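Shown next, in structure tokens, is the structure this report addresses.
This is a predicted model, so every value here is computed, not measured.
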Amino acid sequence: MSEEIPVDWEQARALAYEAGRRAAGPTELISLPDADGRTLAEPLRALTDLPAFPTSSIDGWAVRGPKPWRVVGRVLAGGVAGPLDHDGTCVEIATGAMVPAGADALIRVEESTRDAEGLVSGEPRAVPEWRLPGEEAHKDEELLPVGTAIDPAVIGVAATCGYEALSVRPRPRAGLLVFGDELLTAGTPGAGRVRDSLGPQVPGWLRRCGAAVEPSAGPVQDTLEAHLEAVRGALTAADLVCTTGGTMHGPVDHLHPTLTELGAEYVVNTVAVRPGFPMLLARVPGPDGRTRFLAGLPGNPQSAVIALITLVAPLLAGLQGRPAPSLTMVEVSAGVPGRGGFTHLALARLDHDGRSATPVGHVGSAMLRGLSNAHGFVVVRPGAQAAAGDLVPFLPLPLVAGERP
């Protein structure tokens with residue numbers, strides 16, 4: 001177990017991601033309808049040209065040679081068109097239908113006429129109104145890379161290509177243990193006790209990071225024996241167990257002794273960030289030889305969420321083979337102070353264009369009101385501060401798994 005020397009915030013995120021990447025499970029094949037929220041383990045490649053054949057983008061006529069044209073047939077979507085072998089002939093064609101070989105142009109039905117003998121006349125538009133083979137993609141072209149989060153749009157692309165199943169990474173299983181005898185799970189706070197706000201919200205954040213969430217447990221009694229029993233039990237069903245509270249060394253903080261008893265190894269033990277101190281991430285050996293992880297989140301609610309997006313989000317990204325969560329750059333509309341040698345994560349709300357961020361109020365470690373009005377955190381580096389108008393990094397709160405920003 002390492003000494004408690006705070007790790008730089010960016011380094012902590014990198015260590016968590018690498019730990020997850022190294023522990024990622026084997027790939028598995030899963031049907032398209034079940035793939036939503038998973039992660040591509042292999043590139044998605046076009047199995048044929050897309051389109052695979054010339055396709056009409058209008059309802060009208062496929063014509064050959066000069067007008068007028070004699071109608072010699074019809075082709076609908078899903079049918080195979082015979083060739084147009086002679087000038088002065090045409091076939092009626094539907095949107096999505098295969099364009100017959102020999103066709104020179106397509107005429108929109110609303111821009112055509114037929115005479116008493118049934119001959120068709122009209123003028124084609126300057127731009128041909130059919131899709132050519134390979135217009136969207138060529139056979140074997142990489143459409144999406146490894147690590148892409150699968151959403152309905154990705155599933156649609158795969159179906160268009162002709163896939164029936166996709167190679168994906170396993171969805172990590174995550175559990176939550178709530179520590180603290182002072183916590184209430186129902187009713188209003190009072191008489192020295194506070195309502196637990198992390199038990200109800202942390203599973204939602206975990207799902208947004210791509211995890212399958214096991215049922216939460218707690219509050220766990222504030223004894224070492226109860227902590228050991230709860231952690232051992234949770235690790236049998238989960239790849240990652242998050243705990244809330246108990247990350248310090250007070251008289252009822254039993255997480256560190258529990259990790260020692262379990263033979264755990266710290267990946268990160270405290271991070272130089274405010275709010276969010278102290279937090280930890282540890283590897284816990286399993287009886288089957290497979291590594292599990294425990295993330296110790298602080299008991300203060302905002303600090304716990306910061307710990308989650310600092311350590312848990314990168315860990316889960318690595319376990320799923322996804323890219324590490326990245327920062328964007330925004331213009332901050334008001335000054336944000338620094339926190340000395342610590343990184344300062346300041347809750348902020350994005351403007352409608354996503355290019356500027358305004359710090360929000362009610363941002364104490366124990367408060368959640370500011371979090372509920374924010375889109376993420378302005379990042380102020382150690383030894384720095386941000387003035388109004390400065391470009392600064394921005395860490396967004398996790399989206400729904402697979403959701404595009």
Side chain proximity check, Leu240 to Leu316, heavy atoms < 4.5 angstrom:
yes

Just by distance, do the side chain of Asp390 and the backbone of Val392 share a donor-acceptor pair under 3.5 Å?
no

Leu368 CG to Leu198 CG distance, which is reported to the nearest 0.5 Å:
7.0 Å

With distance as the sole test, does Gln320 use its side chain to make a donor-acceptor pair with the main-chain N or O of Ala149 at under 3.5 Å?
no

In sequence, state the C-alpha distance, the side-chain angles, and the governing distance for Gln385 and His344, and then conclude on side chain to side chain contact (heavy atoms under 4.5 Å, CB included).
CA-CA 9 Å; Gln385 59 184 0; His344 183 196; over 6 Å; no

Closest non-hydrogen atom pair between Pro359 and Val336, with its separation:
CG-CG2, 3.8 Å

Is it the case that Thr358 and Ser333 place a side-chain donor and acceptor less than 3.5 Å from each other?
yes

Check whether any side-chain N or O of Asn300 sits under 3.5 Å from a backbone N or O of Ser303 as a donor-acceptor pair, and report yes or no.
no

Please evaluate residues Trp205 and Ile309 with respect to the criterion side chain to side chain contact (heavy atoms under 4.5 Å, CB included), reporting the C-alpha separation (whole Å), side-chain torsions for both, the decisive distance (0.1 Å), and the verdict.
CA-CA 9 Å; Trp205 294 124; Ile309 65 172; 6.0 Å; no

Can a donor-acceptor pair be found, under 3.5 Å and without considering hydrogens, that links the side chain of Asp239 to the backbone of Arg173?
yes

Has Arg193 got more than 12 heavy atoms of other residues, nucleotides or ligands less than 6.0 Å from its CZ?
yes

What's the shortest heavy-atom distance between Gly162 and Leu47, and which atoms?
C-CD1, 4.0 Å

Atom CZ of Arg125 and atom CD1 of Ile107: how far apart are they, to the nearest 0.5 Å?
10.5 Å

Ring of Tyr17, cation from Arg21 - is the NZ or CZ under 6.0 Å from the centre and inside 45° of the axis?
no

Student check: side-chain heavy atoms of Trp61 and Glu92 closer than 4.5 Å:
yes

Are the side chain of Arg171 and the backbone N or O of Ala212 linked by a donor-acceptor pair below 3.5 Å?
no

Going by heavy atoms in the side chains, are Pro382 and Asp8 under 4.5 Å from each other?
yes

Approximate separation, where rounding is to 0.5 Å, of Thr270 OG1 and Phe277 CZ:
5.0 Å

Could you measure the distance from the CG atom of Leu106 to the CG atom of Asp59? Nearest 0.5 Å is fine.
11.0 Å

Does Ser167 offer a backbone N or O that forms a donor-acceptor pair with the side chain of Thr27 under 3.5 Å?
no

Any sub-3.5 Å donor-acceptor pair from Arg38's side-chain atoms to Ile150's backbone N or O?
no

Look at the side chain of His227 and the backbone N and O of Gln221, then say whether any donor-acceptor pair between them is shorter than 3.5 Å.
yes

Side chains of Pro54 and Pro133 in contact at under 4.5 Å (non-hydrogen atoms)
yes

Using every non-hydrogen atom in the two residues, find where Ala16 and Leu281 come nearest and quote the distance to one decimal.
CB-CD2, 3.8 Å

Exactly one candidate in Val360, Leu350, Leu395, Leu397 meets side chain to side chain contact (heavy atoms under 4.5 Å, CB included) with His375; the answer is Leu350

Where Pro314 and Thr310 come nearest, the two heavy atoms and their spacing
CG-O, 3.2 Å

Quick one, Phe377 and Leu347 - any side-chain contact, counting heavy atoms below 4.5 Å?
yes

Can you tell if the side chain of Gln302 reaches within under 4.5 Å of the side chain of Val363, non-hydrogen atoms only?
yes

Test salt bridge (charged side-chain N to carboxylate O under 4.0 Å, His left out) applied to Arg45 and Asp140, step by step
CA-CA 5 Å; Arg45 299 185 182 277; Asp140 296 326; over 6 Å; no

With salt bridge (charged side-chain N to carboxylate O under 4.0 Å, His left out) as the test, would you mind laying out the steps for Asp87 and Arg64 before giving the verdict?
CA-CA 5 Å; Asp87 287 351; Arg64 173 170 174 162; 3.1 Å; yes

Distance col, row Leu294:CG vs Leu280:CG, nearest 0.5 angstrom, shows 6.5 Å

Answer yes or no: is there a donor N or O on one side and an acceptor on the other, between the side chain of Asp351 and the main chain of Asp353, under 3.5 Å?
no

Indicate yes or no: at least one non-hydrogen side-chain atom of Ile58 is less than 4.5 angstrom from one of Val109.
no

Heavy-atom nearest pair, Leu15 first then Val267, reads O-CG1, 3.8 Å

When rounded to the nearest 0.5 Å, the distance separating CG of Leu345 from CZ of Phe394 is 10.5 Å

Which heavy atom in Ala357 sits nearest to a heavy atom in Val330, and how many Å separate them?
CB-CG2, 3.8 Å

Check the side chains of Arg283 and Thr291 for a donor-acceptor pair under 3.5 angstrom, ignoring hydrogens and angles.
no

Does some side-chain heavy atom of His254 sit less than 4.5 Å from a side-chain heavy atom of Glu225?
no

Where the side chain of Thr55 meets the backbone of Phe53, is there a donor-acceptor pair that is under 3.5 Å apart?
yes

